[in-house]
Structure formats: C-alpha cells, structure tokens
Amino acid sequence: MPGVGTSRISRQPVCHALGAGGVFPSSAGAGHPAAPGCFQYREPGGDVRLAPQGPMPPVPEESPMPLSRALRGAASSLAGPATYQGPPDSGIAVEQGRLFTETGMHSAVIAPIRGLRDVLGALTLGRSRHPRAFTAADLPLLEDITRRAGLALDNARLYQRQRKVAETMQRHLLPQLPTVPGVDMTARYVPAAHASSVGGDWYDAFALTDSSHALVIGDVVGHDLDAAAGMAQVRNMLRAFTWSQPEAMPSAVVAQLDNAVKHVAEVPMATMILATLSLGDDELWRLCWTNAGHPPPLLVSHDGRARYLIDVHGILLGTGVTRPRPDVFTVLPPRTTVLLYTDGLVESPHHSIDHGLDRLRRHAASLAHRPLDAFCDLLMEQARPSDNDDDVAMLALRTPDRA
C-alpha cells in the first residue's frame, strides 16, 4: 500500500515512517500523556532515515480535524492535503499536514483504533503514487483493520499485565535468606523468557529454632498467573505448618500440606523438597529432608565430587493418593555444597531429564572451589539448557570448615 500510518495513545516510543509503503505512528490523546516519537522516511529503493521527533502534542478536545477526531474515538473519515491547508488548530494538525507534504500523499483515510475500554490510537492509510483517491467505500476495510488491531493491542496489554503481576508476586514472595552462623547461603530466581512461561517456582528458608532452619524448593504445576497464585498459597501454608511444628519431621509436615492442598488450595499439583538444617553434637551439619516428586538435591564436596541424594523419592502433592513419605538424614562434611533447584535448570524439550541432570552434576563438580555466589551464577549460565525457557529457582548452602 502506498502509505500507511498509525497514531497511538501510549507510553511506548513510536516512529513516523513516511513515503511509499511507510508506516507513520504518532502518540497523543485527549487527557493522555504524549509519548516520545521519531521520524522515519524511506525513499523508493533507498535507505530508511531515522531522526528524533520528540513527544507529540496533546489532542485538543474540540478539534474538527480528522486525526484529532479519530484519537478521540470518532468515526473514520477521508482526508487530503486540502484538509490541512488552513491555519492549524493544534500541534497534531501541524504534524499531520507535514505528513501530507513529506510523503506527497494526495488521499488518506483515518480511523480510530479502539480497545475494549478506550481509544488506543489511530490508523492513517495514504496514497501518493496511486492515482485513485480513497472513497467512502474504502472505510469499512480500514475499520475492520483497526478493529483487529485494537483487539490485538488489548490482548498484548493484558498479556504483559498478567506477566508483570505474576513476576511481581513471585519476587515479593521470595524471602530474605536467614543468617546461619558459619554457613554460606544464597539463592537465585530467573523468570521465564516468554510471557507464556511464567511459572510457580519458589524457594524459601527460615529459622525454626535457635539451632535449626527450614529449607524449601518447590514448583507448582502450570505456567501462568494461576500457577504464581497457587505458589503463594502453597508457600504460605507450608511456612505456617513448618514453623508451628519446629520439631516435626519434614515428611509429617509435607503430608499435612498435601492434605491441605487437596481440600483448601486451588493448586492442581506441585513438587517440592522440605529439609531441616541443624548442627550436631559432633559439630557437623545435618540435613533431614523429604522429597515430594521434585528433582533430587545435589551434594558437591570441596574436592569436586558431586552426587545426587536419591535415597528416597515420594509422590508429588495434589494427586489424591496417600502413601508414606520417608525422611532421610544426611551428614554434611565440612565445605560441602548443597544445591536445591527447580526443573528449569535441567529439563530440555530435546534431551532426556537424565541428560540434564548429568550436565548439572558435571558443571557443579567443576565449580566446587568457586565462592558460593559465583558457583550459582556460573551454574545458571553453564548448566541451564539453552532451549528451556522455563523459570528457575535455586537455593544453595555451603558448610564451613568446622562449626
């Protein structure tokens, strides 16, 4: 098409593209802050030129000019160079008149882009080299285009809003890690790369008594706002159950949580590991843990040997099946690193889970001598599959030389 243009009421940077086949958006609207813009021009067969334009002026409330009317939500209309030959009544009219001059358009149609609740902008289609002028018969096609554009923009805004809410919820629920004397502890959370993959991964750590702490890693099934909300429910219930029973075994707490998930929480299924970290009389740290369908913890010794704690593996939460959940005690030698993580660190659509686990184990072993923060950063960079855009949570701790 010889000339195409849009005007958007938005806070996003926009551009004017003028000339044959060009696109020229502007941003302004009655009662709406104007957005910054730029000027883009393509000569036939030539290069695109770009220069800053600055913010568009606001749309006057009573301007009869076609673009101003469209930005206020009025019906689509025809326009030509003569439309803007008189004294301009606003900065919008100045810019639109300049648009006709720069492109050589002799005919244009202008229509509002409507969302469900407000006007999102306007679309201008212009002809410069095509001799036939637009007529009223062309307006229904333009209106159909703008209707579809408005729906797409509304959906995109809703999509972005949901992702932002989910990420904000996740980040606000991720805790400040407690201080455990002599033990290094750090955590990482990396959101999904795409909006469709916002998930329910979380980690947690908090004091139970003066000498013991709870450690949690978990993943609520799903990749949307519901998963993030479900994660919040499960995380808060688990905190309450664990803190109110500081001497209870992790398996007993998880069994109680599983029962609550089935009857209270709006969560289809979830996986998790609950562990307690405590100091023994022999001045060695001990980990007591239970696994509810989650990838196994990884134990990395200071000399570079790495192994998974796969002694037991219970069923995930929310299945409706009641089975015994075992606990396992593990003594942590000095300078041992324990890594809890979610499946985004090891799963790949093109490789088996065993391949991902082996990759993680090998990289963790090679990084055993690194400081704990560097260990986690490099592990995220090196072990996370490049074709997995799921979110990832990690919780890592390292025991001292001697307590």
Side-chain angles (χ1 to χ4, degrees), residues 1-32 34-42 44 48 50 53 56 59 63-84 90 92-93 95-161 195:
M1 191 166 289
V4 181
T6 63
S7 299
R8 296 188 300 171
I9 300 173
S10 166
R11 294 181 180 273
Q12 300 301 318
V14 293
C15 294
H16 294 267
L18 312 178
V23 178
F24 29 92
S26 61
S27 170
H32 293 268
C38 57
F39 176 84
Q40 188 178 28
Y41 176 68
R42 181 191 295 274
V48 174
L50 193 66
Q53 278 290 93
M56 290 294 292
V59 177
S63 172
M65 293 300 177
L67 179 57
S68 297
R69 294 179 68 250
L71 288 171
R72 296 198 307 266
S76 56
S77 58
L78 302 170
T83 307
Y84 293 94
S90 67
I92 288 288
E95 289 297 323
Q96 192 76 337
R98 179 167 166 263
L99 182 64
F100 277 90
T101 301
E102 293 286 350
T103 62
M105 292 190 306
H106 63 84
S107 178
V109 286
I110 304 171
I113 300 175
R114 295 186 180 91
L116 294 176
R117 297 177 179 84
D118 54 7
V119 178
L120 305 178
L123 173 66
T124 299
L125 276 72
R127 282 177 173 164
S128 56
R129 290 179 295 172
H130 195 291
R132 186 177 74 84
F134 286 110
T135 68
D138 297 309
L139 296 181
L141 173 60
L142 179 63
E143 290 168 354
D144 184 59
I145 293 173
T146 56
R147 179 184 61 81
R148 294 170 184 265
L151 179 62
L153 289 170
D154 256 350
N155 288 340
R157 294 200 304 180
L158 177 61
Y159 209 39
Q160 291 176 342
R161 189 179 303 119

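Numbering of residues begins at 1 and proceeds along the displayed sequence. These numbers come from the heavy atoms of this one structure, side chains and all, not from hydrogens, waters or symmetry mates.
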Report the distance from atom CZ of Arg127 to atom OG of Ser107, rounding to the nearest 0.5 Å.
->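 Reported value, rounded in 0.5 Å steps: 7.0 Å.
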
Could you tell me the separation between the CG atom of Leu139 and the CG atom of Leu78, rounded to the nearest 0.5 Å?
->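 Reported value, rounded in 0.5 Å steps: 5.0 Å.
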
Side-chain touch Ile113/Leu153, heavy atoms, less than 4.5 angstrom |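 Yes, close enough: below the 4.5 Å cut-off.
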
Could you grab the distance from atom OG1 of Thr101 to atom OH of Tyr84, nearest 0.5 Å is fine?
->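 One finds 12.0 Å between OG1 of Thr101 and OH of Tyr84.
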
Run through Asp144, Thr146, Leu151 and flag the one making a side chain to side chain contact (heavy atoms under 4.5 Å, CB included) with Arg148.
->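 That would be Asp144.
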
Check against side chain to side chain contact (heavy atoms under 4.5 Å, CB included), Ile92 and Met65 | CA-CA 9 Å; Ile92 288 288; Met65 293 300 177; over 6 Å; no

Determine, for Arg147 against Asp154, whether the closest basic-nitrogen to carboxylate-oxygen distance falls under 4.0 angstrom.
->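 No, this pair does not count.
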
Output yes when a side-chain donor or acceptor of His106 lies under 3.5 Å from a complementary backbone atom of Gly126, and no otherwise.
->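 No, the answer is negative, given that no donor and acceptor are paired below the 3.5 Å cut-off.
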
Side chain to side chain contact (heavy atoms under 4.5 Å, CB included) evaluation trace for Thr124 with Phe100 = CA-CA 11 Å; Thr124 299; Phe100 277 90; 5.8 Å; no

Report the C-alpha distance between Arg157 and Leu120 in whole Å, list the side-chain angles of each, state the deciding distance to 0.1 Å, and finish with yes or no for side chain to side chain contact (heavy atoms under 4.5 Å, CB included).
-> CA-CA 11 Å; Arg157 294 200 304 180; Leu120 305 178; 3.1 Å; yes

Mind checking whether Gln96 and Pro66 have side chains closer than 4.5 Å, heavy atoms only?
->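 Contact flag for Gln96/Pro66 side chains = no.
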
Over 12 non-hydrogen atoms of neighbours within 6.0 angstrom of CZ in Arg132 |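 Yes.
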
Are the side chains of Leu99 and Met105 in touch, meaning some heavy atoms are under 4.5 Å apart?
->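 Result yes, sub-4.5 Å side-chain heavy-atom pair found.
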
Rounded distance (nearest 0.5 Å) linking atom CD of Gln160 with atom CG of Asn155 =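 Going from CD on Gln160 over to CG on Asn155, the span is 11.5 Å.
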
Should Ile110 and Leu123 count as side-chain neighbours, where that means a heavy-atom distance under 4.5 Å?
->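 Contact flag for Ile110/Leu123 side chains = no.
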
Supply the atom-to-atom distance Asp138 CG to Glu143 CD, rounded to the nearest 0.5 angstrom.
->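 Between Asp138 CG and Glu143 CD, I get 11.0 Å after rounding to 0.5 Å.
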
